[in-house]
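Okay, structure first, notes after.
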Amino acid sequence: MNEGVSTMRSIARNGLGAFGLAAALLCIGAADAPKEPGAMFHNPVFTGRGQDPSILHWNGNYYLVQSQRGVIRVYRSRTLTGLRTATGVRVFWSNKDELPLSQLWAPEITQLDGKFYIYFAAATNERHESRRMYVLESDEPTGPYTFRGKITDTSDQWAIDGSVIEHGGKRYFVWSGWQDKRPDMGQQLYIAPMANPWTITGERRLLSSPDQPWERIGPEPINEGAQQLSHDGRLFIVYSASHSFTDDYCLGLLTYDGSGEITDRRSWTKSNGCVFSKNVAGGVYGPGHNILVPSPDGRETWNVYHAVATSGCGWNCRTIRMQPVRWRADGTPDFGIPIPLDEAIPVPSGEPGSRP
């Protein structure tokens with residue numbers, strides 16, 4: 001029996017009268033009334049085509065960096081959902097200061113030692129095989145930035161998607177690269193210690209290779225886009241697997257054992273398959289190349305990534321989306337299933353109108 005109906009029958013039996021009945025009904029209504037759902041939003045969270053997202057949360061603002069048509073721009077917003085209407089500031093472009101750099105890919109913004117750095121991949125004189133990682137430095141996240149030069153290990157091989165991992169008071173650079181000079185034979189994740197934000201120390205070490213079937217879909221087996229994820233003292237690396245223009249581009253996960261050397265691949269366990277992959281029923285394909293970002297109040301972790309809404313559309317239809325990461329009882333992340341574009345999502349915790 002419905003609890004409210006049962007209570008009203010009890011009121012009638014006890015003869016509380018009209019006033020008592022009205023008061024009781026008000027109490028019942030207050031108890032049974034659904035809570036306000038809070039503010040909602042729909043993906044995508046960035047206007048137009050979205051490239052590999054990188055977002056820095058600093059001093060109450062979110063800074064998104066994007067590369068489009070040879071230009072790197074930084075967008076600022078007080079909220080994650082506000083990035084949709086943010087205006088970008090141009091901080092670097094092809095041939096700036098007469099540098100022979102082109103095809104600027106996947107810029108990554110971070111804050112280190114009180115300064116701001118953008119790591120990006122670029123080719124020299126349009127030659128694909130010349131692609132390497134470069135560094136910009138600034139006193140402010142929106143610039144102006146100073147070109148610090150190339151960041152590479154002693155092998156100086158093809159490289160993209162560089163990011164910084166901090167653990168145990170030390171810093172490491174993780175990137176995706178070729179094993180040797182042979183082009184388009186696949187991409188692996190490499191790691192090396194850093195002497196400072198623009199210098200790698202020593203030789204690279206192999207961290208992960210695309211040796212599983214789910215990492216080998218498309219013309220090349222690929223591991224790329226490594227991102228640090230830390231939670232309750234545990235360290236993870238989220239990365240992207242398979243070719244980025246396929247429907248099967250997805251996220252994989254490396255879990256650190258907590259005791260071994262960070263640079264030793266034996267200290268890491270690879271996920272048994274994708275941890276975040278296409279949702280055919282929901283019309284989400286190729287979700288990958290993500291960044292993990294805190295909500296404004298720090299209570300939630302949000303997975304910001306790009307995906308396409310049409311099977312086979314590849315790079316041409318990518319948009320930037322986001323959804324929250326949940327945490328399992330064993331401390332591992334649960335990325336869930338990519339949310340369709342037509343599904344409303346509660347805004348991040350701490351944004352105006354968010355649920356308490």
Side-chain angles (χ1 to χ4, degrees), residues 33-55 57 62 64 66 75 77-86 214 225 227 229 231 238-242 244-253 271 273-328 332-356:
K35 295 182 179 179
E36 289 295 324
M40 310 290 280
F41 77 96
H42 286 83
N43 281 317
V45 292
F46 183 72
T47 303
R49 290 176 56 186
Q51 308 302 316
D52 309 316
S54 175
I55 298 173
H57 186 216
Y62 290 93
L64 167 70
Q66 288 278 279
Y75 299 78
S77 171
R78 296 291 292 181
T79 63
L80 279 167
T81 55
L83 288 169
R84 180 181 286 112
T85 57
W214 54 275
Q227 294 292 327
L229 177 59
H231 181 74
V238 187
Y239 68 97
S240 299
S242 284
S244 59
F245 67 60
T246 69
D247 290 354
D248 295 288
Y249 196 52
C250 72
L251 297 182
L253 187 72
S271 57
C274 302
V275 296
F276 191 66
S277 56
K278 64 184 178 183
N279 175 4
V280 175
V284 183
Y285 302 91
H289 204 123
N290 73 323
I291 184 76
L292 288 310
V293 187
S295 61
D297 61 8
R299 293 170 55 193
E300 299 171 340
T301 299
W302 283 73
N303 178 27
V304 186
Y305 60 96
H306 66 57
V308 300
T310 304
S311 176
C313 198
W315 297 325
N316 295 322
C317 309
R318 295 187 302 191
T319 56
I320 296 176
R321 303 124 181 261
M322 68 178 190
Q323 60 188 77
V325 177
R326 308 302 181 191
W327 295 95
R328 301 186 181 94
T332 58
D334 180 0
F335 291 90
I337 299 171
I339 297 174
L341 293 179
D342 60 0
E343 184 173 326
I345 306 170
V347 300
S349 178
E351 287 201 5
S354 63
R355 294 174 179 171

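All values derive from a computational prediction rather than experimental measurement.
Rounded to the nearest 0.5 Å, atoms CD1 (Ile345) and CH2 (Trp302) are 6.0 Å apart. Taken from CZ in Arg84 to CG in Leu64, the straight-line distance is 12.5 Å, to the nearest 0.5 Å. If you take CG on Asn290 and OH on Tyr239, they are separated by 12.0 Å, rounding to the nearest 0.5 Å. From Glu351, atom CD reaches atom CZ of Arg78 across 11.5 Å, with rounding to the nearest 0.5 Å. Atom CD of Glu300 sits about 12.5 Å away from atom CH2 of Trp327, to the nearest 0.5 Å. Atom-to-atom distance recorded for Ser295:OG and Tyr62:OH is 6.0 Å, nearest 0.5 angstrom.
For the pair His306/Tyr249, a side-chain contact is recorded, criterion being any heavy-atom separation below 4.5 Å from C-beta on. For the pair Val275/Pro333, no side-chain contact is recorded, criterion being any heavy-atom separation below 4.5 Å from C-beta on. Side-chain contact between Leu341 and Pro44 is present, with at least one heavy-atom pair separated by less than 4.5 Å. In this structure, Leu229 and Thr301 have side chains that are in contact, with non-hydrogen atoms separated by less than 4.5 Å. Between Asn303 and Leu292 there is a side-chain heavy-atom pair separated by less than 4.5 Å. Between Pro287 and Leu251 the shortest side-chain heavy-atom distance does not fall below 4.5 Å. The closest side-chain heavy-atom distance from Cys250 to Phe276 is not below 4.5 Å. Taking 4.5 Å as the limit, some side-chain heavy atom of Gln66 sits within range of a side-chain heavy atom of Ile320.
A side-chain donor-acceptor contact under 3.5 Å links Gln323 to the backbone of Ile339. Under the 3.5 Å distance criterion, the side-chain polar atoms of Ser354 are matched with a main-chain donor or acceptor of Gly350. Looking only at distances, no side-chain donor or acceptor of Arg355 sits under 3.5 Å from a matching main-chain atom of Ser349. The main-chain N or O of Trp214 is found under 3.5 Å from a side-chain atom of Ser242 such that the two form a donor-acceptor pair. With hydrogens and angles ignored, the 3.5 Å screen pairs a side-chain donor or acceptor of Asn43 with a backbone N or O of Met322.
Minimum interatomic distance between Pro348 and Thr81 (heavy atoms only, all atoms of both residues): CD-CG2, 4.0 Å. Pro53 and His289 get closest at one heavy-atom pair: CD-O, 3.2 Å. Between Gly288 and Ser240, the closest heavy-atom pair is C-OG, 3.8 Å. Closest non-hydrogen pair, Arg299 versus Pro356, comes out as NH1-C, 4.1 Å. Taking both residues in full, the closest heavy atoms of Gly282 and Pro340 are given as O-CB, 3.3 Å, listed atom of the first, atom of the second, then distance. Contact detail for Pro294 and His57: the closest heavy-atom pair is CG-ND1, 3.6 Å.
Note on residues 273-287: pairs passing side-chain hydrogen bond (donor to acceptor under 3.5 Å, both in side chains), not counting sequence neighbours, are Asp248-Lys278. The stretch residues 317-327 participates, sequence neighbours left out, in these salt bridge (charged side-chain N to carboxylate O under 4.0 Å, His left out) pairs: Asp52-Arg318.
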* To do: Begin from the C-alpha positions of Ile337 and Phe335 and carry the test side-chain contact (heavy atoms from CB on, under 4.5 Å) through to its verdict.
  => CA-CA 7 Å; Ile337 299 171; Phe335 291 90; over 6 Å; no
Take Leu80 and Ile55, measure what side-chain contact (heavy atoms from CB on, under 4.5 Å) needs, and give me the verdict at the end. CA-CA 9 Å; Leu80 279 167; Ile55 298 173; 4.1 Å; yes
